[in-house]
There are 2 protein chains.
Amino acid sequence: MKQTDFVGGFAKGLKVIEAFDAESPRLSIADIAVSTGLDRATARRCLLTLVELGFARYDGKYFELTPKVLRLGHAYLAATPLPRLIQPLLDHLSEDVGQSASASVLEGTEIVYIARASQRRVMSINLVPGSRLPAWCASMGRVLLAALPVSEARAVLERSTIQANTPSTKVSIQALLAELDLVREQGFALVDQELELGLCSMAVPLLDTRGSVVAAVNIGAPAVQMAASEVRARYLAGLRHLQAELRPLMN
Amino acid sequence: MKQTDFVGGFAKGLKVIEAFDAESPRLSIADIAVSTGLDRATARRCLLTLVELGFARYDGKYFELTPKVLRLGHAYLAATPLPRLIQPLLDHLSEDVGQSASASVLEGTEIVYIARASQRRVMSINLVPGSRLPAWCASMGRVLLAALPVSEARAVLERSTIQANTPSTKVSIQALLAELDLVREQGFALVDQELELGLCSMAVPLLDTRGSVVAAVNIGAPAVQMAASEVRARYLAGLRHLQAELRPLMN
DNA sequence: CCCTTAATGTGCGATATATGAACAAATATC
DNA sequence: GATATTTGTTCATATATCGCACATTAAGGG
């Protein structure tokens with residue numbers, strides 16, 4: 001790529017949008033300049049541009065994003081075949097088994113939810129398309145990591161911030177790599193309360209017609225109601241069925 | 001705003017992202033140039049920038065967005081207090097009544113979903129935060145329009161593309177304005193199969209501590225199970241309760 | 001209340017970007 | 001298979017942006 005094929009102002013503006021998060025929903029010009037590393041003047045121009053376009057509001061002191069930015073994320077969901085194809089299958093599966101079902105893809109060290117059919121909430125946090133979880137401790141993350149060459153999977157794990165969320169959490173890279181071997185061998189991942197107490201989740205990979213892993217799908221169940229072995233017995237068939245249904249549609 | 005306080009390259013790049021939608025998930029450089037009105041050279045530079053940043057992929061012919069763009073929309077959901085405050089209340093309400101509950105805000109002529117707790121699917125389309133519906137025919141849209149000065153509400157209606165979705169759909173601006181008067185008077189909107197056959201939905205406005213309408217919340221029910229009058233009898237109290245719970249939190 | 005410190009706004013030269021035309025390459029049409 | 005048409009890429013140049021330094025305003029402290 002040539003130097004002239006890159007629009008710096010665009011890249012900087014996107015960094016500004018990404019600077020807004022839960023810890024800092026309202027940001028001043030100086031805040032943005034610090035967190036993005038941009039010059040204050042540049043940050044200010046990007047912010048005023050966002051305001052002008054209706055993506056942000058300004059009260060003279062602080063900027064905040066408007067719901068219009070959801071348009072951008074939605075452009076992906078509306079435009080990409082995979083989320084649209086998966087959604088009805090997830091709905092069906094979720095209703096069949098009476099538990100929440102989700103689909104996600106790998107993005108760096110995290111999984112990104114691209115579709116979800118939710119039943120009663122089990123997890124402490126609400127998941128919607130666009131939500132992210134660390135790959136190493138999520139069932140779909142394990143499935144997606146297992147699909148990578150071992151060296152790449154290891155590289156992702158080494159870049160991840162690994163910490164024990166519960167007493168059961170596997171935290172050593174060695175243990176996680178061994179787990180990925182197991183996942184690869186059996187064709188599914190079962191995570192029993194490693195992410196959150198009371199949550200047991202099982203995932204399988206989704207393949208396209210060429211056999212490449214394009215996403216993962218999972219079912220989450222309250223661990224108080226059933227043991228991990230029961231989760232496997234009850235939900236594996238449904239997941240495999242969805243896997244088989246989707247495959248011919250993806251090419 | 002001064003001329004120099006606007007970053008053209010940023011604005012053009014955002015237009016490029018918005019150019020992707022369900023009808024055109026994969027776009028060539030020329031496609032983008034046409035749909036955005038940008039010069040082909042400029043469109044190309046924006047697209048290559050997106051690829052460089054990981055927001056898009058390029059196979060040498062067509063561009064498509066990657067899940068990374070969900071980051072942008074999610075920046076709003078994570079950063080804005082309203083969606084985060086409403087979500088647990090919606091979960092609770094939804095579970096109580098056994099129907100889906102949602103919250104949305106007005107954006108031009110459309111409502112944008114900012115939070116949702118879904119039960120079994122009633123509507124034909126899947127709704128997630130970021131989804132949009134025309135305001136004039138949705139219960140939350142009616143509530144949000146009713147909160148505007150009449151002249152503004154009329155202006156929005158006149159800009160809207162109004163069409164009969166079902167035999168019950170109110171399509172005349174006059175009828176819709178009368179409906180808004182009723183909504184304003186009774187403090188809620190009840191839409192009985194005007195958007196989609198078999199769907200009945202009721203909404204109330206959400207106010208902040210100063211009494212301004214900041215969003216709307218609704219419950220959707222299958223019309224085959226219950227008449228509109230029953231929807232009102234069963235769900236109004238729950239909606240009002242949520243309304244009262246949220247108000248002191250919004251300032 | 002004044003002084004200090006920090007944050008925001010502004011003008012300007014250096015630098016990077018947008019433009020449209022020209023060319024090359026690939027498709028479509030006949 | 002030759003021609004027309006669309007598409008992608010490159011280039012020179014006019015133009016807009018960037019980042020710095022300075023001016024201005026607001027905030028905090030004694």
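In what follows, chains carry the letters A, B, and so on, assigned in the order in which the sequence lines appear, proteins first and then strands, with residues in each chain numbered from 1.
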On DNA chain C, nearest-nucleotide positions of A/G9 versus A/Y58: which is more 5'?
-> A/Y58
Within the pair B/R44 and D/dT7, is there a side-chain N or O less than 4.0 Å away from OP1 or OP2?
-> no
Let me know the distance between CG of A/D5 and C1' of D/dC11, rounded to the nearest Å.
-> 12 Å
End-to-end bend of the helix from C/dC1-D/dG30 to C/dC30-D/dG1 (five-pair axes, 10° rounding)?
-> 50°
Which residue pairs pass the side-chain hydrogen bond (donor to acceptor under 3.5 Å, both in side chains) test when at least one of the two sits in residues 9-18 of chain A, sequence neighbours left out?
-> A/E18-B/R71
Throw together a table of side-chain donor-acceptor distances under 3.5 angstrom for residues 37-44 of chain B, partners on residues two or more places apart or in other chains.
residue, atom, partner, partner atom, Å
B/D39, OD2, B/A41, N, 2.9
B/R44, NH1, A/D5, OD1, 3.3

Excluding sequence neighbours, so at least two apart, what forms side-chain contact (heavy atoms from CB on, under 4.5 Å) with B/R247?
-> B/L207
Qualifying residue, where the test is side-chain contact (heavy atoms from CB on, under 4.5 Å) with B/L206 and the options are B/L89, B/L85, B/L242, B/L144 = B/L242
B/K15 atom NZ is separated from C/dA18 atom C1', nearest whole Å, by 14 Å
From the list A/S131, A/S94, A/S102, side-chain hydrogen bond (donor to acceptor under 3.5 Å, both in side chains) partner of A/R116 resolves to A/S102
Any N/O pairs under 3.5 Å between the protein and nucleotides 19-21 of chain D? List them or say none.
residue, atom, partner, partner atom, Å
D/dG19, OP2, A/T42, OG1, 2.5
D/dG19, N7, A/R45, NH2, 3.2
D/dC20, OP2, A/D39, OD1, 3.3

Phosphate-side-chain proximity, A/S28 and C/dA7, N/O vs OP1/OP2 below 4.0 Å = no
Grab the CG-P distance between B/D31 and C/dT27 for me, whole Å please.
-> 14 Å
Between atom CG in A/D59 and atom P in C/dA7, what is the gap in whole Å?
-> 17 Å
Whole-Å gap separating C1' (D/dT9) and CG (B/L48) = 10 Å
Atom-pair distance (CD1 on A/I29; P on D/dA26), nearest Å = 13 Å
Is the CZ atom of A/R26 crowded by more than 12 outside heavy atoms at less than 6.0 Å?
-> yes
Do any pairs count as a ring pair (Phe, Tyr, Trp, His ring centres under 6.0 Å) and have a residue in residues 11-60 of chain B, sequence neighbours left out, and if so which ones?
-> B/Y58-B/F63
Are B/D208 and B/R210 within salt-bridge range, i.e. N to O under 4.0 Å?
-> yes
Under 4.0 Å between a Lys/Arg side-chain N and an Asp/Glu carboxylate O for B/R57 and B/E64?
-> yes
